[in-house]
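Input: a single structure, listed below in structure tokens.
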Amino acid sequence: MHSHKNHPFHLVDVSPWPLMGALGAMITMIGIIKWFHMFTNNLFLLGNMITLLVMYQWWRDISREGTYQGLHTFTVTMGLRWGMILFITSEVFFFMSFFWGFFHSSLAPTIELGMLWPPKGIETFNPMQIPLLNTLILLSSGLTVTWAHHSLMENNYKQTTQGLTLTVILGIYFSILQGYEYIEAPFTIADAIYGSSFFMATGFHGIHVIIGTTFLLVCLIRHLNNHFSSIHHFGFEAAAWYWHFVDVVWLFLYISIYWWGS
């Protein structure tokens, strides 16, 4: 399959996963529309199932290419690094739009909002309760993921396992608390621009926490299967970068929306 090549690049084999992934995403989106209009979520669940199966198999193939087939050369890894940096940059701008909307509405509340912020009738969260606990959880998870990374670079298998396991547990704990907060919320996404800003910003951050936790969980499974070495572990490094990004976004959310905005 792989004859001798005289270049350091990875020319990927023909793969069914991009087409299958696109199919899964399309079925998921059509399923959401069907759910909204016909109140049945079967097509949405089918789309989700296809997407998850594609994710698993595509991730498995990439792990094989990088770990066993030796296709992730230094040049390829540099490309992956730049790809991850550009992806995180795009995510920064994505969240910037939510902060822009929030500050646009809160710094100069219009007459429709009663020239008040938060708008009249909105009962906000106490920033010293669950939001503060969630801040401590994410800051702690930033420490544990850094501990795991440094342990990996020092070839300390046991401490890498401990650090990664703790990070995944803290990520799950954060998501549970965020879910509890949403259930207990005294306002909804339909309650003026405050509700929209709050749930869009914190909701998308919550999705990013779930994605980051999944990313780190996959890294933990790969680490337990001895996929990483002290000099070849970009999959883990990318997950750590992403987790730090999620961490920093939460600090901005906590300070601006929970603390200052309330």
Side-chain angles (χ1 to χ4, degrees), residues 15-62 83-84 86-102 104-105 119 122 125 130-131 134 138 168 171-218 238-239 242-243 245-247 249-250 252-253 256-258 261:
S15 168
W17 309 132
L19 190 62
M20 293 296 291
L23 187 72
M26 182 181 77
I27 291 169
T28 303
M29 294 314 294
I30 295 169
I32 288 172
I33 296 163
K34 187 187 177 190
W35 191 5
F36 285 178
H37 288 274
M38 301 173 80
F39 307 105
T40 53
N41 61 5
N42 50 5
L43 199 62
F44 171 72
L45 294 174
L46 175 69
N48 267 340
M49 195 167 70
I50 293 168
T51 308
L52 287 169
L53 286 168
V54 169
M55 278 166 60
Y56 171 76
Q57 291 168 106
W58 202 345
W59 232 327
R60 177 206 63 193
D61 285 0
I62 295 166
M84 195 67 197
L86 290 170
F87 169 64
I88 289 173
T89 306
S90 74
E91 294 276 85
V92 168
F93 283 102
F94 175 75
F95 277 101
M96 211 182 275
S97 63
F98 294 131
F99 285 110
W100 188 291
F102 173 77
H104 172 82
S105 305
I122 296 280
F125 287 104
I130 289 178
N134 266 344
L138 272 193
V168 170
I172 294 166
Y173 187 25
F174 177 94
S175 296
I176 291 167
L177 283 173
Q178 189 81 347
Y180 173 74
E181 187 181 72
Y182 277 14
I183 292 163
E184 294 292 310
F187 55 89
T188 71
I189 196 166
D191 284 324
I193 188 69
Y194 185 89
S196 306
S197 298
F198 178 86
F199 282 106
M200 283 298 280
T202 59
F204 268 110
H205 176 268
I207 289 166
H208 281 72
V209 170
I210 291 165
I211 293 166
T213 308
T214 310
F215 203 169
L216 289 163
L217 181 62
V218 169
Y242 188 80
W243 196 250
F245 158 74
V246 165
D247 219 346
V249 169
W250 174 260
F252 280 102
L253 279 174
S256 57
I257 294 178
Y258 283 100

Taking Tyr182 for the side chain and Gly203 for the main chain, is one N or O donor matched with an acceptor at less than 3.5 Å? yes

Separation between NE2 (His208) and CH2 (Trp250), nearest 0.5 Å, reads 14.5 Å

query = Taking atom CZ of Phe187 as the centre, does the number of heavy atoms from other residues, nucleotides or ligands within less than 6.0 Å exceed 12?
reply = yes

What one should report as the nearest heavy-atom pair of Gly171 and Trp243 is CA-CH2, 3.8 Å

**OP:** Under the side chain to side chain contact (heavy atoms under 4.5 Å, CB included) rule, what do Ile130 and Phe125 come out as? Steps first, then yes or no, please.
**Re:** CA-CA 9 Å; Ile130 289 178; Phe125 287 104; over 6 Å; no

Check your understanding: So, Gln57 side chain and Leu53 main chain: donor-acceptor pair closer than 3.5 Å or not?
Key -> yes

Heavy-atom nearest pair, Phe199 first then Thr188, reads CE1-C, 3.5 Å

Requested in this report: Would you check if there is a donor-acceptor pair between the side chains of Trp17 and Asp61 at a distance under 3.5 Å?
Outcome: yes

Quiz item: Under 6.0 Å between the ring centres of Phe98 and Phe204?
Solution: yes

Can you tell me if Ser97 uses its side chain to pair, donor with acceptor, with the backbone of Phe94 under 3.5 Å?
yes

To the nearest 0.5 Å, atom OG of Ser197 lies from atom CG of Asp191 at 12.0 Å

Here the gap from Ile172 atom CD1 to Leu177 atom CG, rounded to the nearest 0.5 Å, amounts to 12.5 Å

Separation between OH (Tyr242) and OG1 (Thr213), nearest 0.5 Å, reads 9.5 Å

With a cut-off of 6.0 Å (strictly less than), are more than 12 heavy atoms of other residues, nucleotides or ligands near CE of Met29? no

Quiz item: Considering residues, nucleotides and ligands other than Phe245, do more than 12 of their heavy atoms fall under 6.0 Å from its CZ?
Solution: yes

One should read off an interatomic distance between Phe215 CZ and Ile211 CD1, to the nearest 0.5 angstrom, of 10.5 Å

Evaluation steps, side chain to side chain contact (heavy atoms under 4.5 Å, CB included), between Phe87 and Ser90: CA-CA 5 Å; Phe87 169 64; Ser90 74; 4.1 Å; yes

Inset, instruction - Determine whether the side chains of Ser105 and Tyr194 contain a donor N or O and an acceptor N or O closer than 3.5 Å. - result: no

Ile210 meets the side chain to side chain contact (heavy atoms under 4.5 Å, CB included) criterion, sequence neighbours left out, with Ser175, Thr214

Shortest non-hydrogen pair, Ala238 vs Met84, comes out as O-CE, 3.6 Å

So CD1 of Ile176 and CD of Gln178: to nearest 0.5 Å the spacing works out to 12.0 Å

Strictly distance-based, threshold 3.5 Å: is any side-chain N or O of His205 a donor or acceptor partner for the main-chain N or O of Val246? yes

Take Phe198 and Phe102, measure what ring-ring contact (aromatic ring centres under 6.0 Å, His included) needs, and give me the verdict at the end. CA-CA 8 Å; Phe198 178 86; Phe102 173 77; 9.4 Å; no

List the atom pairs, donor and acceptor, that lie under 3.5 Å between side-chain atoms in residues 30-52 and the rest of the protein, sequence neighbours left out.
{"from": "Lys34", "atom 1": "NZ", "to": "Asn42", "atom 2": "OD1", "distance (Å)": "3.0"}
{"from": "Thr51", "atom 1": "OG1", "to": "Gly47", "atom 2": "O", "distance (Å)": "2.8"}

Taking every heavy atom of Phe99 against every heavy atom of Ser256, the minimum-distance pair comes out as CE2-OG, 3.3 Å

